[in-house]
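These notes concern the structure reproduced below.
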Amino acid sequence: MGTAGVMAGALGFFPRGEFFWGTMVITAFVLFDMLDGAVARVTGKISKFGAFLDSTMDRVADAAIFSGLMIGLYRDDQEQLAAVALYCLVAGVVVSYAKARAEGLGYTCDVGIAERAERLLIALVAAGLDGLGVPFILALALWVLAVLSTVTVLQRFATVYRQATAPAPADPGAPAPAEPGPAVRNGAEPQAGAPAPERRG
């Protein structure tokens, strides 16, 4: 329901330049996305498929929001800003994919200056204010969001790279190396076929 409402608000209002009312509709349905996890826990219906569905629908909702902004800006003859909105859309997808792929490989990737909540907050607040007539606010927000999303991607690349190239920890269960004989300890090379040193006592 949340995804359907967000898509309706973003693709029904934003392309026509009605950024304020589109933001109001999206904000109302974003509440569903905020509550679905709590409802699942209370009702005991947490599942791996539910987590998969939630993450996938989040990507669909994000795509609808930035696609709507891009179309609305393009129709308003703001081609450059429409291109920035497209960049924000692509960068947001890469941010999410980088984390999902890293966790699939066994790494941790809980870093980033602009995760999904921050990206949506910046975009929706700016779109709503633009709809109320505040000048330059949407342009400023999209440029800032483009920079922050790029930084977040680089942060996640760096985090995973450090983990991937870190030396493997020593295995505590591995057998200890054999202690060298007295001849080797004294610097002499053992000769093949030489008799073992006599042990006294």
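Separation of atoms CG (L154) and CD1 (I113) is listed at 11.5 Å; rounding is to 0.5 Å. Rounding to the nearest 0.5 Å gives a distance of 4.5 Å between CG of L81 and CG of L73. In this structure, S96 OG and D62 CG are separated by 6.5 Å, a value rounded to the nearest 0.5 Å. Atoms CG and CG, on L138 and L145 in that order, are 10.5 Å from each other to the nearest 0.5 Å.
Applying side-chain contact (heavy atoms from CB on, under 4.5 Å) to V6 and the options I26, L11, V60 leaves one that passes, I26.
What you find for E115 and D110 is that their closest heavy atoms are OE2-C, 4.4 Å. Considering all non-hydrogen atoms of both residues, L142 and A85 come closest at CD1-CB, 4.2 Å.
The environment of E79 atom CD is dense: over 12 non-hydrogen atoms of other residues, nucleotides or ligands sit within 6.0 angstrom. Residue F20 places its CZ atom among more than 12 non-hydrogen atoms of other residues, nucleotides or ligands, all under 6.0 Å distant. More than 12 heavy atoms of other residues, nucleotides or ligands sit less than 6.0 Å from atom CE of M57.
Each of L53 and V93 belongs to its own hydrophobic cluster when Ile, Leu, Val, Met, Phe, Trp and Tyr are linked at side-chain heavy-atom distances under 4.5 angstrom.
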Exercise for the section: Please step through side-chain hydrogen bond (donor to acceptor under 3.5 Å, both in side chains) for the pair Y87 and T150, ending with a clear verdict. Expected result: CA-CA 10 Å; Y87 180 86; T150 302; 2.6 Å; yes
Practice task
Run the numbers on L148 and E118 for side chain to side chain contact (heavy atoms under 4.5 Å, CB included), then give the verdict.
Solution key: CA-CA 10 Å; L148 295 181; E118 290 81 5; over 6 Å; no
Handout entry: Check against side chain to side chain contact (heavy atoms under 4.5 Å, CB included), L89 and R119
Key = CA-CA 10 Å; L89 168 60; R119 296 196 305 272; over 6 Å; no
Practice task
Carefully, step by step, assess F29 and V25 under the rule side chain to side chain contact (heavy atoms under 4.5 Å, CB included).
Solution key: CA-CA 7 Å; F29 281 94; V25 173; 4.1 Å; yes
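Taking the six-membered ring wherever Trp is involved, the centroid distance between the rings of F19 and F14 falls below 6.0 Å.
In this structure a side-chain-to-backbone donor-acceptor pair under 3.5 Å is present from T152 to A114. Remark: side-chain polar atoms of R156 are paired, donor with acceptor, to backbone N or O of V95 under 3.5 angstrom.
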